[in-house]
Every structure is written in C-alpha cells, then in structure tokens.
Amino acid sequence: QVQLTESGGGLVQGEESLKLSCAMSGRSFDNHRMGWFRQAPGKERESVACFSYTGARTLYADSVKGRFTISRDSARNTLYLQMDRLKPEDTGVYYCAVDSRPYSCNSPTNYDHWGQGTQVTVSS
C-alpha cells in the first residue's frame, strides 16, 4: 500500500545544487524511519541521510556532512534532500526509503519500502 514517488533529480555541474523530494502515500510519517540512499555504478547502496524511528535524530554520511540537508514535511508526507555544493562523486541513483520497525536508520537492509530511484549526475 505504501508508495514512494521521487522527483528532483537531474544533471548539474559541480558546485551547483539540487533538491530531491519523496512523497509517500498510504501511510503517515509517524513512527517511521526515513532515509535517502544512493548507489553508484559498481558500488553498494549507501546511506546518505536519514531520520531515526522517532524523528528526533538525523544521521549523515561523512562524505555529505555540511553539504546535504534532510528534512520532512509531515503535513504533505514528503521527505526532502537538499544537496548543495555537489561534486562528481555524488553521482548515482538516489533512493528514498521508509520502514516502521525500530532499527537503525542508516542501513539499507533495514527498510521494506523503497522508491523507484532517481538519477543524479554531477559533471565537473
């Protein structure tokens, strides 16, 4: 029943910005872990940023700290990822994910609902 719809990906040059959106239908954000993940060709899917089960804590990958900001709008059931000062190393397919279980939010294996993925390409 849960469906995640992503938008905002695209092609940009280095140092530019993008904002990704992930709208969730079918469930409330309450008591859900929510996160953004990315996967580059030939690499494992990795956590970019996420909210804990309670929503009181956020976790960021070291590679994006200070550049990316995760946020949410509970009224719209939408998750956001503001990406500033993008680098070519940020290139990959970005996924949003949610889960209702009280597990850590930064492990890809701990999610049971995923978006379709959106391509982000950053040129130098």
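- A side-chain donor-acceptor contact under 3.5 Å links W36 to the backbone of Y80.
- Shortest non-hydrogen contact noted between V98 and M34 is CG1-CG, 3.7 Å.
- Under the side-chain hydrogen bond (donor to acceptor under 3.5 Å, both in side chains) criterion, E16 pairs with no residue at all, not counting sequence neighbours.
- When side chains are defined from C-beta on, V64 does not count as touching M83, because their heavy atoms never get closer than 4.5 Å.
- Defined by atom type and a distance below 3.5 Å, a donor-acceptor pair is missing between the side-chain atoms of S25 and N77.
- Taking the side chain as every heavy atom from C-beta outward, L79 and D73 never approach each other to under 4.5 Å.
- Using a 4.5 Å cut-off on side-chain heavy atoms (C-beta onward), L59 and C105 make contact.
- The backbone N or O of E89 lies less than 3.5 Å from no partner atom in the side chain of T91, so there is not a single donor-acceptor pair.
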Show the numbers, then the answer: is there a ring-ring contact (aromatic ring centres under 6.0 Å, His included) between W114 and F37? CA-CA 10 Å; W114 292 85; F37 298 80; 5.1 Å; yes

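- Side-chain contact check for T118 versus V93: every heavy-atom pair is 4.5 Å or farther apart.
- Summarising the geometry of Q39 relative to K43, their closest heavy-atom pair is NE2-O, 3.1 Å, with the distance given to 0.1 Å.
- Annotation: side chain of Q116 is in contact with side chain of E6 (closest heavy-atom distance under 4.5 Å).
- Evaluation of the side-chain hydrogen bond (donor to acceptor under 3.5 Å, both in side chains) rule for R72 yields no partner, not counting sequence neighbours.
- In terms of heavy-atom proximity, S47 sits nearest to N106 at CB-O, 3.3 Å.
- Put simply, the side chain of Q82 never gets that close to the backbone of F68: no donor and acceptor are under 3.5 Å apart.
- The backbone N or O of D112 lies less than 3.5 Å from a partner atom in the side chain of D99, making a donor-acceptor pair.
- Here the closest heavy-atom approach between residue G8 and residue L18 is recorded as O-CD2, 3.6 Å.
- Residues R38 and E46 form a side-chain contact, since some pair of their non-hydrogen atoms from C-beta on lies under 4.5 Å apart.
- In terms of modelled atom types and a separation under 3.5 Å, the side chain of R33 and the main chain of R101 share a donor-acceptor contact.
- R67 places a side-chain N or O within 3.5 Å of a backbone atom of R85 that can act as its donor or acceptor partner.
- Between I70 and G35 the shortest heavy-atom distance is CD1-CA, 4.5 Å.
- Contact record, L4 with G115: CD1-N, 3.5 Å, taken as the closest heavy-atom pair.
- For residues 81-110, the set of pairs meeting the ring pair (Phe, Tyr, Trp, His ring centres under 6.0 Å) definition, not counting sequence neighbours, is empty.
- Under 4.0 Å is where a charged nitrogen must lie from a carboxylate oxygen, and between K87 and D90 no such pair does.
- Side-chain atoms of S17 and D84 include a donor-acceptor pair closer than 3.5 Å.
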